[in-house]
Colleague: 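Just passing along the structure, written as structure tokens.
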Amino acid sequence: MRYADGPTATAETTVDAPPALLWELVTDIGLPARLSPELRHAVWLDGATGPALGARFEGRNEHPRVGTWRTHSYVVELVEQRVFAWAVTDPDDRFGGGEADPDRPLATWRFELCPAPGGATLLRLGVRLGPARSGVSLAVDRAPDREERIVAGRLAELRTGMAATLGGIRALAEDRAAL
């Protein structure tokens with residue numbers, strides 16, 4: 001798979017909690033920073049205090065091969081207790097993609113909640129890379145003949161991080177549901 005193909009990765013888990021409880025957790029942009037191996041900090045921008053279509057938040061990320069960088073994300077899909085999605089942009093042009101544009105993000109992330117039997121919820125987290133340049137683009141620039149391996153390796157890293165995030169959300173939700 002090539003970066004230009006818009007590669008995707010998805011992870012999911014079933015949580016013994018209702019969608020309303022999970023919704024509170026997945027729309028808390030600070031929570032993944034406590035659970036993810038890469039995202040270190042997130043804060044709403046422009047006076048926003050929670051998710052709304054078009055709302056922006058800033059993220060601070062860290063990766064051993066890329067270093068640290070800042071992102072601006074825009075909420076692009078919001079369906080109460082069902083879908084929370086955001087497009088990630090590069091406001092500092094760290095990766096050489098030009099002006100930050102949510103219509104051409106470096107990645108788009110999406111939480112999806114689906115009711116499951118017994119009052120549980122299927123929680124899915126997915127990402128689509130591109131089309132704007134990202135850290136993957138920098139790696140491909142250095143070794144274009146290894147593009148497929150680079151993309152596959154990044155998707156594997158992302159799946160690992162998503163599994164950690166979902167596991168943390170599941171544990172928090174099930175603890176709260178048990179109260």
Side-chain angles (χ1 to χ4, degrees), residues 1-13 25-51 54-77 84-111 124-169 171-172:
M1 171 154 308
R2 299 175 51 84
Y3 188 78
D5 297 333
T8 62
T10 304
E12 63 182 41
T13 188
L25 295 172
V26 302
T27 58
D28 174 358
I29 60 163
L31 181 60
R34 297 190 340 239
L35 305 171
S36 166
E38 193 168 298
L39 179 65
R40 299 293 182 229
H41 178 76
V43 62
W44 290 107
L45 297 173
D46 309 321
T49 58
R56 286 187 328 141
F57 60 93
E58 181 171 285
R60 299 272 179 181
N61 297 336
E62 185 176 319
H63 188 280
R65 288 188 299 272
V66 181
T68 60
W69 70 98
R70 179 174 78 120
T71 62
H72 282 178
S73 295
Y74 297 76
V75 177
V76 294
E77 187 177 4
F84 175 46
W86 60 98
V88 182
T89 67
D90 176 12
D92 302 318
D93 197 21
R94 178 155 183 339
F95 304 114
E99 187 173 331
D101 179 357
D103 292 327
R104 282 192 43 81
L106 56 92
T108 303
W109 289 85
R110 188 175 197 266
F111 275 112
R124 184 175 297 120
L125 177 56
V127 64
R128 179 180 188 269
L129 301 182
R133 290 178 56 82
S134 69
V136 174
S137 305
L138 298 178
V140 170
D141 289 349
R142 288 189 299 270
D145 58 316
R146 297 185 50 222
E147 181 174 7
E148 289 189 21
R149 289 182 61 203
I150 291 166
V151 170
R154 181 61 175 148
L155 292 176
E157 280 181 333
L158 291 170
R159 280 188 202 95
T160 298
M162 288 188 285
T165 298
L166 291 177
I169 291 170
L172 287 170

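Keep in mind that what you see is a predicted model, and the values were worked out from it rather than measured.
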Colleague: Only counting residues at least two apart or in another chain, list the ones meeting side chain to side chain contact (heavy atoms under 4.5 Å, CB included) with Leu35.
Modeller: Leu31, Thr165, Ile169

Colleague: Please report the shortest heavy-atom distance between Ile150 and Ala143, naming the atom on each side.
Modeller: CD1-O, 3.8 Å

Colleague: Between Asp101 (side chain only) and Pro105 (backbone N and O only), is there a donor and an acceptor less than 3.5 Å apart?
Modeller: no

Colleague: Between Ser73 and Arg56, is there a side-chain heavy-atom distance shorter than 4.5 Å?
Modeller: no

Colleague: Where the side chain of Asp46 meets the backbone of Ala48, is there a donor-acceptor pair that is under 3.5 Å apart?
Modeller: no

Colleague: Run the side chain to side chain contact (heavy atoms under 4.5 Å, CB included) test on Phe57 and Trp86 for me, step by step, so that the C-alpha distance in whole Å, both residues' side-chain angles and the decisive distance to 0.1 Å come before the verdict.
Modeller: CA-CA 9 Å; Phe57 60 93; Trp86 60 98; 3.5 Å; yes

Colleague: Search all heavy atoms of Pro7 against all heavy atoms of Val151 and return the closest pair with its distance.
Modeller: CG-CG1, 3.6 Å

Colleague: Using 0.5 Å steps for rounding, measure from the CZ atom of Arg60 to the OG1 atom of Thr68.
Modeller: 8.0 Å

Colleague: Taking all atoms of both residues into account, what is the closest heavy-atom pair of Trp109 and Leu125, and its distance?
Modeller: CE3-CD1, 3.9 Å

Colleague: Using the rule side chain to side chain contact (heavy atoms under 4.5 Å, CB included), only one of Leu158, Leu106, Thr108 pairs with Leu129; which is it?
Modeller: Leu158

Colleague: To the nearest 0.5 Å, how far apart are CZ in Arg104 and OG1 in Thr89?
Modeller: 12.5 Å

Colleague: Looking at Asn61 and Trp69, would you say the former's side chain and the latter's main chain have a donor-acceptor pair under 3.5 Å?
Modeller: no

Colleague: What distance separates Thr71 OG1 from Arg94 CZ, expressed to the nearest 0.5 Å?
Modeller: 12.0 Å

Colleague: Between Pro32 and Asp28, what is the shortest heavy-atom contact and its length?
Modeller: CD-O, 3.3 Å

Colleague: Apply salt bridge (charged side-chain N to carboxylate O under 4.0 Å, His left out) to Arg34 and list each qualifying residue two or more places apart in sequence or on a separate chain.
Modeller: none

Colleague: Between Gly6 and Arg128, what is the shortest heavy-atom contact and its length?
Modeller: O-CG, 3.6 Å

Colleague: Ignoring hydrogens, what is the shortest heavy-atom contact between Tyr74 and Gly54? Give both atom names and the distance.
Modeller: CD2-O, 4.2 Å

Colleague: Say you draw a straight line from CZ of Arg40 to NE2 of His63; how long is it, rounded to the nearest 0.5 Å?
Modeller: 10.5 Å

Colleague: Got Trp44 and Thr49 here, is their nearest side-chain heavy-atom distance under 4.5 Å?
Modeller: no

Colleague: Provide the full list of side chain to side chain donor-acceptor pair (under 3.5 Å) pairs with a residue in residues 132-156, sequence neighbours left out, each pair given once.
Modeller: Arg2-Glu147, Tyr3-Ser134, Glu38-Arg154, Arg133-Asp141, Arg154-Glu157

Colleague: Nearest 0.5 Å, what's the CZ-CD distance between Arg124 and Glu12?
Modeller: 4.5 Å

Colleague: Could you measure the distance from the CZ atom of Phe84 to the CZ atom of Phe111? Nearest 0.5 Å is fine.
Modeller: 8.0 Å

